[in-house]
Amino acid sequence: MTSFEELTTKERPTWCPGCGDWGILTALKKALVELNLPKHQVVVVAGIGCSGHLPQWINTYAFHSLHGRALPVAQAIKLANHELNVIAVGGDGDGYGIGMGHFIHAMRRNVNITYIVHDNQIYGLTTGQASPTSEKGFKTKSTPHGQIEPPVNPIALALSADCSFVARGFAGDVPHLVKLIVQGIQHKGFALIDVLQPCVTFNYLNTFDYFYRRIYKLEEDSSYDPTNKQEAFKRAFEWGERIPIGLFYKENRKTYEDELPQISQMPLVKQKIDFVDIKNLIEEMC
Amino acid sequence: MTSFEELTTKERPTWCPGCGDWGILTALKKALVELNLPKHQVVVVAGIGCSGHLPQWINTYAFHSLHGRALPVAQAIKLANHELNVIAVGGDGDGYGIGMGHFIHAMRRNVNITYIVHDNQIYGLTTGQASPTSEKGFKTKSTPHGQIEPPVNPIALALSADCSFVARGFAGDVPHLVKLIVQGIQHKGFALIDVLQPCVTFNYLNTFDYFYRRIYKLEEDSSYDPTNKQEAFKRAFEWGERIPIGLFYKENRKTYEDELPQISQMPLVKQKIDFVDIKNLIEEMC
Amino acid sequence: MSEFSWKIGGEAGYGIMTTGFILGKSFVRAGFFVFDTNEYPSLIRGGHNTYTVRISEDPVFSHSKKIDILVALTDIAIEKHKKEVRKDGFIIYDEGFVNVKELKGINLIPVPLTKIAIEKGGQNIMRNNVALGASFALIDVDPEILYDAIRDTFKGKKGEDIAQTNINVAKAGYEYVLEKFQNINKIKIKSNGKQKRMYINGNEAIAIGAIKAGCKFYAAYPMTPASSILHYLASKENDYNIIVKQTEDEIAAIHMAIGASFAGVRAMTGTSGGGFSLMTEALGLAAITETPLVVVLAQRPGPSTGLPTHTEQGDLRFAMHASNGEFPRVIVAPGDVNECFYETFNAFNIAEKYQLPVIIITDKFLAESHATTDPFFIDGMKIDRGQLLSEDKAKNIQDYKRYENTISGISLRALPSQENTIFKAATDEHDEYGRLSEEPADRIIQVDKRFRKMKVLETEIDGAKFYGDKDAEVIIVSWGSTKGPILEAMKLLHKKDIKVGFLQILYIIPFPVNKTKSFLEDAKKKILIENNKTGQLGSVIKEKTGIDMDYKILKYDGRPFTPEEIVSQIEEVLIHDKL
Amino acid sequence: MSEFSWKIGGEAGYGIMTTGFILGKSFVRAGFFVFDTNEYPSLIRGGHNTYTVRISEDPVFSHSKKIDILVALTDIAIEKHKKEVRKDGFIIYDEGFVNVKELKGINLIPVPLTKIAIEKGGQNIMRNNVALGASFALIDVDPEILYDAIRDTFKGKKGEDIAQTNINVAKAGYEYVLEKFQNINKIKIKSNGKQKRMYINGNEAIAIGAIKAGCKFYAAYPMTPASSILHYLASKENDYNIIVKQTEDEIAAIHMAIGASFAGVRAMTGTSGGGFSLMTEALGLAAITETPLVVVLAQRPGPSTGLPTHTEQGDLRFAMHASNGEFPRVIVAPGDVNECFYETFNAFNIAEKYQLPVIIITDKFLAESHATTDPFFIDGMKIDRGQLLSEDKAKNIQDYKRYENTISGISLRALPSQENTIFKAATDEHDEYGRLSEEPADRIIQVDKRFRKMKVLETEIDGAKFYGDKDAEVIIVSWGSTKGPILEAMKLLHKKDIKVGFLQILYIIPFPVNKTKSFLEDAKKKILIENNKTGQLGSVIKEKTGIDMDYKILKYDGRPFTPEEIVSQIEEVLIHDKL
Ligand SMILES: Cc1ncc(C[n+]2csc(CCOP(=O)(O)OP(=O)(O)O)c2C)c(N)n1
Ligand SMILES: Cc1ncc(C[n+]2csc(CCOP(=O)(O)OP(=O)(O)O)c2C)c(N)n1
Ligand code: SF4
Ligand code: SF4
Ligand SMILES: [Mg+2]
Ligand SMILES: [Mg+2]
C-alpha cells in the first residue's frame, strides 16, 4: 500500500506560504495513494518554474527538464517503458507559452500520460511577468501598462487539439482535484488537468477569493455531458462571473502506444539488445 | 494601378507542374491587383518549404525566413511599420508543425497581417514525410506503416485561439481564393487562410480530385452565419464526405497596433532617433 | 578608514533587495562611491538572500570580502557570514528572532527589529528599515541622507504616508542603537563633497544605452539575469515610443527583433544562456540576410538550467560559434556599467554599419550589481546608420542590388516601402539581388563579401584596454565582469608593492590580436582570470595568438571573485610559482 | 584503363537518382569498386541534377573530376559538364530533345532516348533506362549485370512486369548504340572476380550502426541531408522493434531521445545545422542530467538555410561549443561509410559508459554518397552499457546517489521502476542525490565530477589515423568526408612521385593532442584541407597544440573536393610554395 508519508520527502517545499502549488502537490500525492501506485513506478516530469519544482518534493522518480519541455520528455519516457505511470507538471508559461507547440501535438498524439498545469496566470519564478493566461489589462513587470493580448484558452485549445481527457481543477479545492487527478491517471490516453493555482506573491487579481466566488463544478450540473464536444466548447469559453471546474470532456480512443507493434509484447526497455542480428540489413546492401 | 504583370517576376516558379502552389501565387497576385496595393508597400514573409519559395516569384518586398518562423518576423515588420501590408505564407509543416507555438500566439495577439498556409498535408520540400495535417493511416517516407496521430485541425485551433478571421480556401478554385485573400487583407486583424493545396508529387491521397468531390462553399449555405463561433466549430470538424471552404468566422476587435500609443502618431520606422534625450533617465539614476 | 562594507542577510521575498539599495543610494547621494552586489536563490520566498554594499570615499569597482556591518535577519545569516565580519566589526541582529552566542572580536548589536517595526509601523517587513536606521547609528554620518533616500523610494510607489511611516521606523532603529550602545566606536567616513553620480547596474546601463541609440523595438522572453532589461524598457515604452514585446518564447523574440530591424527600426533582444541556445538558429538568419541585430547575452552558470540566479562566464565560446555555418559577428564584453552603456550604444552603430549581429555578453554579477559612476557623458554620441538608404536616395536608384558585391563587403540597405528598391531577403544563399542561387560563383561571392566586412571592422575597433604597469612582472588577462574585482585587487597589490598589469579584452570578436600579442609576448607571468571552469578566453588567446597563459585563476562556484581571492592567488603565483 | 566515371545530368524529379544507383549497383555486383555522388538543388522538379558514378577495378574512395561517359538529358547538362568529359570520352544525349554541336575530342552518341522509351515502355521517364542500356554499349562488360540490377530494383517495389518493361527499354538502348556506333573504342574494364560487397551511403551506415548498437528509439524532424536516416530506420521499425518518431520539431526530437534514454533505452536523434541549432539547449540538459545521448549532425552549407542540398564542413566549432555552460561531450567525425557504421556503434557505448552526449558529425557528401565496402565485420562488436544498474543490483542498493562523486566521475545509473533507487534528474545544479543545490561546494563537486569523465575517456580513445608516408615532405590534416578525396589525391600524387602523409582527425573531442603533435611538429609542410571557409579544424589544432598550419586548402562553394583539385593545389604549394 502506497502511503502519503512515503511519498513525502524530507525536504520541505520552498514555495511561498499560501501558494496554490501546495494544494496541487498534496492532491497529487493523495491521488497516487488512492490509486495505490508503487512510488518507484511513477515518474514525474517537470518543466521550469515554481511549478517545475514540484518533483523535488514527491518521493517518486523525477525528471526536471527544461522550460517548456516537460511533454516531449514525458511522452518518450512512457514510450520507452509504458509500464511506468508518467505525470508531467508545469506552469502556464511553461506549458502554454514556450511549450505551446508540444502541448498541441502531444494531445493529438494521445500518449497515455497525465499533464497537470499549474495555471497561476503569471510567471512566478521569474518574479512576475505576464503569462499566456494573464487576463487582458493585467499589469505586470513586463506589461506595466497592461497586457494587450487576450489570454489563451487551454480548455478550448485542448478540445480543438483532440485531447481525449480535458479537465480543470482548482488548487483551493484539494478533494475535488484529487478526484480529477485520479481520473486523469486512470484515463487511457493523454489527460490534461489545468489547475487554477493562485500565486499569492505576484498575481493580485486571480486570488483564492477570486476563484471561490466564481467557480462551480461541472459535475454538479446534471445536464452536463462530458462526452459532448460542442457542449464542452460552450463551457470552455465561460470565464467571468462563473468559471467551471471539473471534467469538460472525455473520449475513448486508442493511445499512441496501442498502435505500436514494437511494444505489443513488452516495453522497449525490457527488450534485449546484446546481440542484434543485422545480417539481413547487410545483405540488402550487397 | 497595380497590375498582374508588374507583380510577376522574370523568374518562373520551380514548383512541380500542376502543384497547388501555382494557384495560390496566382490568387495572391490577383488579390493585390484587386486591392490595388502598390507593390513596394507589400511585404511577403515566408517560412521554408515548397510554399516558402513563393515570395521569390512575386514582385514585392520579401523576407524568406526560417522554417516555422514566418509569423514572428511578419508581426514585427508590421509593428515596425504598420503602413505596410504584410502577408505571411508557409506550409502546413512550417506553420502547424514546427511553427505551432507562434501560430497560436499570433492569433490571440491580433496583429493586422494575413497568413496564408499552403496546406498540402505533406512535407513537400523534404520529399514527402508526414505533416501535422496528414491523415491518419497515411503512408509516407517517415511513416511507412501509416501515420498514427490524427491530424491537427487548424480551423478549430484558430477558433479556440481567438483568431479574428478564419477561412479556408482551395488552390483549385482561384477565383474563390482571390476573394478570401482580398477579404483577409481587408480584415483589420490577424487573418488565417488555410488553403487546401494538392501536392501532386508526394500526396497521392489528397488530390485535386479528392477535393473537387468533397468541397462546398460556406457562403453558398445561406443559413451559415460566420459571426457565430459555435456554428463555426461545428463546421470546423466537418472533414470527410463534405469539406467546407470559405469564411468560417470573423469578428471585429482591436488590433494589437490599435492598443499601442507608441505608434498612434506615426509608424515606428518614421520616428527620428538622431537625438534621443535621456537626461531624465540619467537623472532618475542619480 | 576610508571605506566600509555592509551586508544584510535573510530570507528571500522580504524586501532585502530594496533595503540594500536604499542604503547604497543614501550614500551615493551624500557623495560617496558605492558598489553593491546581491545573492539570492532560485525561489521566491524563504531561502537565503544577501545584499552587500561597499561604501567608499574613493571610487570602488567591486565588493570586498570583509564586512564591517552585518545585518542578520535569520540564524542562517549569522552562520554563513560571521566569518566575513572583520575584527571589531558589528553584527546587528533581530533580537528575539535570531540567536547568537558571543563572537570573539565582534560587536554584537541586538536590536528587536521586528518588534520595533510592528510598534512603529505595523508591519513585519518594515524591520528592514529598522535595521537601516540601526546601521546608521554605527556610522558617523547624518542619518538624514537615509531618510531622504527612503522617502524617494517609497513616495513615488506608495505615497507620502507610507514613506513617512518607513522613515519613522528607521528613526526608531537609529535612536534605539544610539541610546543602547553609547560606547561603540563608530565607523568614520567622510564624503569629499556632494557630487552628482549615478547608481546604476549593468542591465539598466544597457537599457539606457539602447534607448540613447534609438532602439525602437525590444522583444524578449523573461530570463534571469536578463529580465530587468525587459522590465526597465517596458516601463519606459510610452515615454520613448519603444515597442517592448514579451513574446511566447526566445525564438519568437529574436525573430521579432530581426523582423523589426528588416523593416527599418533599431531592434534588440536579450536573454540568458538557455534562451540564447534557442536563438542560435536565428543568429544565422540575421547574418545571411545581413539584417542588423543586437543581442544581449547575460550569462548565468550552466549547463542547462544550472544555477539560474548566480553568476558565471561560461558562454564565451558558445557565443562565438553559435549557429550553423560560418558568418561574421561581433562580440563585445563590457566590464562595468559605463562600458555597458557606451558599448550598447556602439553595438547599434556597428550592427547597422556592418549589417550583422552584435552580441553584448555580460553576466549576472555585472547585470545586477549597482555601481556609482559619473552621469553618462552623452555629448558627441552619434548615431551612424551606415549604408541605410534614405527615401530620397532610394527613389533615384536603378537596378538595386541589396547584396551587391562591394569592396568593403557592405551593400546599400533599402527598406520596405521604398519604391525602386524592391528586393528579397532570403536565408537561402542568393545572388546580389537576393534571389535564391545555388551557383558556386554566387556562393563564393556572398561568403567572401560577408566576411570582408570584418576586415574593415577590425581596423575600426580597439578591442582591448590596458590598466596598470606595462612592465609589471605579472600581467593579468581577463574579460567582462571580473574587471571590477581585478581593479580592486590591483589596488591591494599596489599597497603590497606588487606591480601588476591588466589587459582587459573588450571585444572578443574582432579579437584584438596585435594588442594582445604586444602586451603578452614579453610578459613574465601571464595570469588568466575567468569566472568559469575551462578558461575559455585562454583558449581563444591560444587560438588567435599561440600564446599560452602561465597561470589560470578560475572560479566556477556561481559566485563572483572577491578582490581578496584574486590577491591571494596572485601571491601564490609569486611566492610558490604555482597555482 | 582500370576505371571510368559515368555521369548523368538532367532535371530534378525524373528518376536520375535511381538511375545512377542502378548503374553503380550493377558494377558492384559484378565485382567492381564503386563510388557515387549526387548533386541536386533545393526544389522538387526541374532544376539541374547530376549523379556521378566512378567504377574501378581497385578500391575507390571518391568521385573524380574527369568523366568518361556523360549522359545528358538536357541542354544544361551539356553546357555544365562538357568540360569535364575526358579526351575521347562519350556524351550520350537525348536526340531530338538535346542540342549539341560538335565537340572537339569527344565522341557524341545521340540516342533518341525518349522516343525509344515511349516506343518500348510507354513512359517518358523510362528514357533513363534507355540511357543505361546505351551506356553499357560503350563499356566492354556483359549487360546482364545491368538487367539484373534493374530487375532487383523494380521487382520489389513495382512488380515483375514493370521490372521486365524497364529491362526491355534498357536493352533497346543497348542495342541501338551497338548497332549505330560500331566503330567506337569501348571502355575496357575487368572485374577481379565477383566478391560480395556492400554499396552503401553514410546515412545508411549510421542507421545500421545504430540498429546494431541496440538503438530502440529514434526521434527526428526531417532535414536534408539527415532525413534518410529517419526514412531508413522507419522502414525497419517493425523488424527491429524500434520506435521511430517524427516529431513536431527538432526541440521535441532531442527531448524525446533524452526522455527515452533516461527511461533506459538507447536513443538517438539526427538533424542538420538548423535543426541542431534548435537542439543546443537540450544538449546541456543531457549533460547535466548525465543522460546518454547520440546526436547525428549531418552538415550542409550555412549560415541559416544556406544551400540546403549541398555539402560543407561549417559546423565543427558550433558542435564543439553548442549550448550554454560548460560540460564534456564527445564529437566523432567519420570519414567514410565504414567509420559511419563502427563509430556509430561506438558512440552508443561511449554515451552510456560516460553518460554524456556524443555527436556524430558528417555532411551531405558523406551522408548521401554510396561507396563499396566489405560487408561489415560484426563479430566481436560488444555492447557496453557502462554503470547501468541491473534490476537485481538495484534491489540491494541503499542510500543510492545518482550523481555520486566518484573517482572516474562516472556514477551508477539506475532506471525508473527500480525499487530502491528513486532519484531526481534535474537541469538545475544538484547534489549527489540529484536534489537541487546552490551550495558552492556541491557545484564544484558536480562540475569537476562531470569533467573528470573526460580524463578517463581520453585514455580510451585514439582520435586520429595516419595514412601514407610519415616522413613525407607534405603532411595533410583533415577531418570527415574529405578523407575520400584526399586518399584519392594521394594515389595521384604517388604516381607523380610526390610523397604525402595524411593525418585524419577522427575524434574532435577528445582531441588527439599528442598524436597530432607527434605527426605535425616536425612536418615540413603542413597543409590543412577543409570543406569550409575559415579552416575550423585548423583553429582547433592551434588552440590545442599551438601548431600553425602552413597552408590551407579550403573550399566553400557547397561542393565536395575532387581529388584533382587537391592535387593541383598541393602542387601549387610544392612548386610555388604558396597558396
Ligand atoms: C529557455 C528558458 N527561457 C526562460 C527561462 C526562465 N524562466 C524560468 S521559469 C519561467 C516562467 C515561469 O512561469 P510559469 O511557467 O508560469 O511557472 P510558474 O513559476 O508560474 O509556476 C521562465 C521564463 C528558462 N528557464 N528557460
Ligand atoms: C529547423 C529546420 N528543420 C527542418 C528543416 C527542413 N525542412 C525544410 S522544408 C520542411 C518541411 C516542408 O513541409 P511544409 O512546411 O509542409 O512545406 P511544403 O514543402 O509542403 O510546402 C522541412 C522539414 C529546416 N529547413 N529547418
Ligand atoms: S511566486 Fe507565486 S507561484 Fe511561485 S511559489 Fe510564490 S506564490 Fe507560488
Ligand atoms: S513537391 Fe508537392 S508541394 Fe512541392 S512543388 Fe512539388 S507538388 Fe508542389
Ligand atoms: Mg505560472
Ligand atoms: Mg506541406
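Only this structure's heavy atoms are used, side chains among them; waters, hydrogens and symmetry mates stay out. Labels below follow one simple rule: chain letters A, B, ... track the order of the sequence lines, proteins then strands, and each chain is numbered from 1. In this text, all values refer to a predicted model and were calculated from it rather than measured experimentally.
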Trainee: So, do Ile148(A) and Asn110(B) sit near enough that their side-chain heavy atoms are less than 4.5 Å apart?
Mentor: no
Trainee: Got a second to check how far Phe233(B)'s CZ is from Leu159(A)'s CG, nearest 0.5 Å?
Mentor: 8.0 Å
Trainee: Output yes when a side-chain donor or acceptor of Arg108(A) lies under 3.5 Å from a complementary backbone atom of Pro150(B), and no otherwise.
Mentor: yes
Trainee: How long is the span from the CD atom in Gln262(A) to the NE2 atom in His145(B), to the nearest 0.5 Å?
Mentor: 8.0 Å
Trainee: Evaluate whether atom NZ of Lys250(B) has more than 12 neighbouring non-hydrogen atoms of other residues, nucleotides or ligands under 6.0 angstrom away.
Mentor: yes
Trainee: Side chains of Asn153(A) and Asp162(B), heavy atoms from C-beta outward: is any pair under 4.5 Å?
Mentor: no
Trainee: Where does Gln147(A) contact chain B at under 4.5 Å (heavy atoms): side chain, backbone, both or neither?
Mentor: side chain
Trainee: What option among Ala156(B), Ala158(B), Gly99(B) has the most heavy-atom pairs under 4.5 Å with chain A?
Mentor: Ala156(B)
Trainee: Please state whether the side chain, the backbone, both or neither of Leu157(A) comes within less than 4.5 Å of a heavy atom of chain B.
Mentor: both
Trainee: Which answer fits Lys254(A), side chain, backbone, both or neither, if we ask what part of it has an atom under 4.5 Å from a heavy atom of chain B?
Mentor: neither
Trainee: May I ask you to test the Lys229(B)-Lys234(A) pair for a side-chain heavy-atom distance under 4.5 Å?
Mentor: no
Trainee: Is Pro132(A) close to chain B through its backbone or its side chain, or both, or neither, when contacts mean heavy atoms under 4.5 Å?
Mentor: both
Trainee: Determine whether Gln230(B) and Phe237(A) satisfy the following criterion, side chain to side chain contact (heavy atoms under 4.5 Å, CB included), listing intermediate values before the conclusion.
Mentor: CA-CA 10 Å; Gln230(B) 292 298 330; Phe237(A) 288 101; 4.2 Å; yes
Trainee: I'd like to know if the side chain of His105(A) and the backbone of Met100(B) have a donor-acceptor N/O pair within less than 3.5 Å.
Mentor: no
Trainee: May I have the step-by-step check of side chain to side chain contact (heavy atoms under 4.5 Å, CB included) for Glu149(A) and Met107(B), ending in yes or no?
Mentor: CA-CA 9 Å; Glu149(A) 291 154 43; Met107(B) 292 189 284; over 6 Å; no
Trainee: Take a 6.0 Å sphere around NZ of Lys270(A) and say whether it holds more than 12 heavy atoms from other residues, nucleotides or ligands.
Mentor: no
